[in-house]
Peer 1: 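Quick one: structure below, then a few questions.
Lettering of chains follows the sequences in order, A, B, ..., and the numbering in each one begins at 1. Only a predicted model underlies this, so the values are computations on that prediction, with no experimental measurement involved.
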Amino acid sequence: MKRNVCAVSFRWRAFSFFSAGEAEKGFFSRFPSSSSLQFHYTANGFQFSRMRSESGFANNIKNVDEAVSLFRDMLRTRPLPSVIEFNQLLDRLVKLKQYLLVISLYKDMCNSRIPVNEFIMTVVINSFCLVGRVEFGFSVLGVFFKCGHLPNVITFSTLLKGLFSQNRVGDAQELFKKIVNEKLCEPNEVMYSIVIDGLCKIGNTSTAIKILRFTESGRCKPNVISYSTIIDNLCKDRMHDEALAFFKEMVEKGIAPNVVTYSSLIHGLCNLGKREEAMKLFNEMLKFKISPNVVTFNILIDGLCKEGEIEEAELMVKIMIQRGEKPDAFTYGALMDGYCLQGRMEEARRVFDRMVSLSVDPSIQTYNIIINGYCKKRKIDAAMHLFREMPQKGLNPNTVTYNTILQGLLYVGRCVDAQELFNEMQNDGQKLDIYTHGIMLHGLTNNGHIDEALWLLTMIENNEQHLSISMYNIIIHGLCKLRKFDEARALFNSLFLKGLDLDKITFNTMITGLCSGGLLKEAKELLAKMGEIACYPNEVTYNIIVQGCLKGGEDANALMYLEEMDRRGFLLHASTFSNILDLLPSKANDHILLKAIQKLNPIEKPASS
DNA sequence: TTAGGGTTAG
């Protein structure tokens, strides 16, 4: 397809995010050619001529070595194999997830002056996107124009998908607008669903809905995928009524919901704890002959387990098998999680063994679930045994696994073992995350090892990695618990100097500490300070201060804060209420206090008698 | 059948 290439390529340069300089010189120098990659191949010279007689010859390629060998064979064949055959080979490699190899072979083709077409270049663009280098995808677009080809709706869709997957949402939106406004191609259902999905993934469901409405006005109408994507994300936002409205709308428009639509809705209902409604929908899909798949069953099984209905979940596994769906690591993971939640570790272990005996490979996550179960039951040796078994099964414990075990060790007070494992984790090059540090700080502090916790905090500060205010909150809480108020106060004050954003939890922790140390005046001053720095006190703050005042005998101040709570619409917590009740016998005549209590009473009033 | 699309675990 050759037409007015110059005009198009001139127009194309107007893309602000397409840095031609960066991209044009980029990928040829950065990506190796296949000959420099360590692949072994046998050059028998007949491989390709033998295989090409079979239909869909590339589908018979089983591994990378075979593909490279075949490719070399193809380069030597005369006359040259067709561009379609080269494309089939590259496409097979994409299916085998060998994206870097696709890029390398493409480079070899260009070097050998083998003609390429828009199909091959789109495969290469897709490969660049899938290795996280969408900018090089745009450089291939430059080759399109040089070769006299025009990018079409599939090329642009691939690039849009690449931009969204690399979180370049602004660039993706800009490109999409350009495609529409300048009519670079006619968007189709796939393009719309990529854009809708990309917007939903960053939580911008409302713009995604606008795109859906926009498509209604065009030639290409929204389809089941666009609707399902919107429905799924509304469910994730817990907006089930809105999701159901879209469901109803699509049915009325004659767009048939499929297994994904139903699975999303069922998932949404399960998350809201509406099990019966979820089952109703499940039966509805059966009635309409829409077969639930392994995902649908896993959603239901997981939902039942989280509700504590494990026996029903086990029954659902039987139904799933009867219907020809094979339970997978998710299924067994959900069951294990259910048993773990109830502390039924023997049954959880039996599910684990059942999974292994049925040749379902446990995933890292299934290990994490059962390890977490053992840790919660303080059965740390059993957890440790499974943890050490993982590498033998070819699974490397991830950050979550380490975090779980660390938490378990600290929970039972094994601080030295936790420290050792924490070191081991770092020596193994395992990534630490914000939870790792929180778990360590919390565990050390809780076990009275405040000095070690402070030392760790200094290390984290020096590395400036994952430093968050919650870490200071943990330490301040620990210092106050040990009645080290001076140190707690010093740390608290240092946060202002460090320029860290204090949150309500920091203030609430410090105010709790001050109240527990009888330092009421300081606690009240701190509460006043919250307003000054626009970190306004919340319901928790007021409950803390009221309790502090009552314990410190400052009833008048307690009353003042109670009135303040009433004005702000804050409720009494049960513990505060019980503190007030303790005081009542001596305050039976204090009408103002009684009135305040009546207003703030958190307990439902009995029906009028 | 020469290229691009949506769902489930701490």
Side-chain angles (χ1 to χ4, degrees), chain A residues 55-59 82-92 94 102 116-127 129-130 137 151-162 164-165 185 187-198 200-201 208 223-233 235-236 258-268 270-271 292-303 305-306 328-338 340-341 363-373 375-376 398-404 407 433 435 439:
Chain A
S55 72
F57 79 99
N59 291 333
S82 71
V83 64
I84 293 176
E85 284 164 314
F86 277 104
N87 197 6
Q88 285 171 332
L89 175 81
L90 295 185
D91 194 41
R92 175 66 187 150
V94 171
V102 170
V116 294
N117 65 6
E118 57 265 63
F119 290 80
I120 284 191
M121 286 189 283
T122 306
V123 171
V124 174
I125 289 175
N126 193 28
S127 298
C129 291
L130 290 166
N152 59 19
V153 63
I154 300 180
T155 329
F156 283 121
S157 298
T158 311
L159 285 164
L160 280 169
K161 176 94 181 142
F164 276 119
S165 70
C185 67
N188 64 9
E189 290 179 347
V190 178
M191 181 175 273
Y192 284 127
S193 52
I194 288 171
V195 175
I196 287 172
D197 179 54
C200 283
K201 283 227 165 71
N223 63 4
V224 58
I225 293 178
S226 295
Y227 267 102
S228 298
T229 308
I230 300 269
I231 288 169
D232 183 58
N233 281 279
C235 287
K236 286 197 173 113
N258 63 15
V259 58
V260 178
T261 329
Y262 271 103
S263 297
S264 293
L265 281 169
I266 291 171
H267 189 214
C270 286
N271 280 346
N293 62 16
V294 61
V295 177
T296 328
F297 278 109
N298 284 347
I299 288 166
L300 273 171
I301 290 162
D302 187 54
C305 288
K306 286 209 166 64
D328 61 9
F330 282 97
T331 326
Y332 293 111
L335 284 177
M336 279 163 41
D337 204 22
C340 287
L341 276 171
S363 60
I364 296 175
Q365 284 85 345
T366 45
Y367 268 100
N368 290 350
I369 290 167
I370 191 154
I371 286 172
N372 187 45
C375 287
K376 291 280 180 297
N398 61 16
T399 306
V400 178
T401 327
Y402 275 100
N403 289 351
T404 311
Q407 199 166 30
D433 64 13
Y435 296 106
I439 287 164

Peer 1: Base, sugar-phosphate or nothing for A/Lys236? Non-hydrogen atoms, less than 4.0 Å.
Peer 2: sugar-phosphate

Peer 1: The side chain of A/Ser363 lies closest to which of these nucleotides: B/dA9, B/dG5, B/dA3?
Peer 2: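 Looking only at heavy atoms from C-beta outward on A/Ser363, the closest nucleotide is B/dA9.
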
Peer 1: Base, sugar-phosphate, or nothing for A/Thr404, non-hydrogen atoms under 4.0 angstrom?
Peer 2: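 Nothing: the residue A/Thr404, judged by heavy atoms under 4.0 Å, touches no strand.
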
Peer 1: Can you check whether any acceptor in the base of B/dG4 is under 3.5 Å from a donor in the side chain of A/Ser157, or vice versa?
Peer 2: yes

Peer 1: What distance, rounded to whole Å, do you find between the two P atoms, one in B/dT1 and one in B/dG5?
Peer 2: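 One P to the other, the span is 15 Å.
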
Peer 1: Base, sugar-phosphate, or nothing for A/Met191, non-hydrogen atoms under 4.0 angstrom?
Peer 2: base

Peer 1: What is the distance from CG of A/Leu300 to P of B/dA9, rounded to the nearest Å?
Peer 2: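 From A/Leu300 CG to B/dA9 P: 13 Å.
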
Peer 1: Quick one: is B/dG6 close enough that its OP1 or OP2 comes under 4.0 Å of any side-chain N or O from A/Lys161?
Peer 2: yes

Peer 1: Does the base of B/dG5 carry an N or O that pairs as donor and acceptor with the side chain of A/Ser193 under 3.5 Å?
Peer 2: yes

Peer 1: Under 4.0 Å, heavy atoms only, any strand: does A/Val153 hit a base, just the sugar-phosphate, or nothing?
Peer 2: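 Base: the residue A/Val153, judged by heavy atoms under 4.0 Å, touches a nucleobase.
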
Peer 1: Describe the nucleic acid contact of A/Glu85 in one word from base, sugar-phosphate, nothing, applying a heavy-atom distance below 4.0 Å.
Peer 2: nothing

Peer 1: Nearest to the A/Asn258 side chain among B/dA3, B/dG4, B/dG6, which nucleotide is it?
Peer 2: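 Nearest to the side chain of A/Asn258 among the choices is B/dG6.
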
Peer 1: For A/Asn298 and A/Asp328, test the side chains for any donor-to-acceptor distance below 3.5 angstrom and give the result as yes or no.
Peer 2: yes

Peer 1: Students often get this wrong, so: under 4.0 angstrom with heavy atoms, is A/Gln365 touching a base, only sugar-phosphate, or nothing?
Peer 2: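 A/Gln365: base contact, heavy atoms under 4.0 Å.
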
Peer 1: Using a cut-off of 4.0 Å on non-hydrogen atoms, how would the nucleic acid contact of A/Asp232 be classed: base, sugar-phosphate, or nothing?
Peer 2: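 Sugar-phosphate: the residue A/Asp232, judged by heavy atoms under 4.0 Å, touches backbone atoms but no base.
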
Peer 1: Among the candidates B/dG4, B/dA9, B/dT8, find the nucleotide nearest to the side-chain atoms of A/Val295.
Peer 2: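 The closest nucleotide is B/dT8.
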
Peer 1: Checking contacts here: which listed nucleotide (B/dG6, B/dT7, B/dG4) is nearest the side-chain heavy atoms of A/Asp91?
Peer 2: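 Taking heavy atoms from C-beta onward, the closest nucleotide is B/dG4.
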
Peer 1: What is the distance from CG of A/Asp197 to P of B/dG5, rounded to the nearest Å?
Peer 2: 10 Å

Peer 1: Ignoring hydrogens and angles, tell me if any N or O in the side chain of A/Asn233 forms a donor-acceptor pair with the backbone of A/Thr229 under 3.5 Å.
Peer 2: yes

Peer 1: Among B/dG4, B/dT8, B/dT1, which nucleotide has an atom closest to any side-chain atom of A/His267?
Peer 2: B/dT8

Peer 1: Just compare B/dT2, B/dT7, B/dA9 and give me whichever is closest to any side-chain atom of A/Lys306.
Peer 2: B/dA9

Peer 1: With respect to the side chain of A/Lys201, which nucleotide from B/dG6, B/dT8, B/dA3 is positioned closest?
Peer 2: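 Nearest to the side chain of A/Lys201 among the choices is B/dG6.
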
Peer 1: Classify the nucleic acid contact of A/Val260 as base, sugar-phosphate or nothing, counting any heavy atom under 4.0 Å across all strands shown.
Peer 2: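 Counting heavy atoms under 4.0 Å across all strands, the contact made by A/Val260 includes a base.
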
Peer 1: Roughly how far, to the nearest 0.5 Å, is the CD1 atom of A/Ile371 from the SG atom of A/Cys340?
Peer 2: 10.5 Å

Peer 1: When you measure from the side chain of A/Ile225, which nucleotide among B/dT7, B/dG6, B/dA3 comes out closest?
Peer 2: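 My answer, after comparing the listed nucleotides, is B/dG6.
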
Peer 1: So, does A/Asn368 get its side chain near the phosphate of B/dG10, meaning an N or O under 4.0 Å from OP1 or OP2?
Peer 2: no

Peer 1: In whole angstrom, what separates A/Asn117's CG from B/dA3's C1'?
Peer 2: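 Going from A/Asn117 (CG) to B/dA3 (C1'), I get 9 Å.
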
Peer 1: Closest approach to the side chain of A/Asp337, judged atom by atom: which nucleotide of B/dT2, B/dG10, B/dA3 is it?
Peer 2: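 It is B/dG10.
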
Peer 1: Does a distance-only test, which skips hydrogens and angles, find a donor-acceptor pair under 3.5 Å between the side chain of A/Asn152 and the base of B/dA3?
Peer 2: yes

Peer 1: From C-beta outward on A/Asn59, which listed nucleotide comes closest to its side chain: B/dT7, B/dA3, B/dT1?
Peer 2: B/dT1

Peer 1: Are the side chain of A/Glu85 and the backbone of A/Ser82 linked by a donor-acceptor contact shorter than 3.5 Å?
Peer 2: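 Judged by distance alone, yes, a pair lies under 3.5 Å.
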
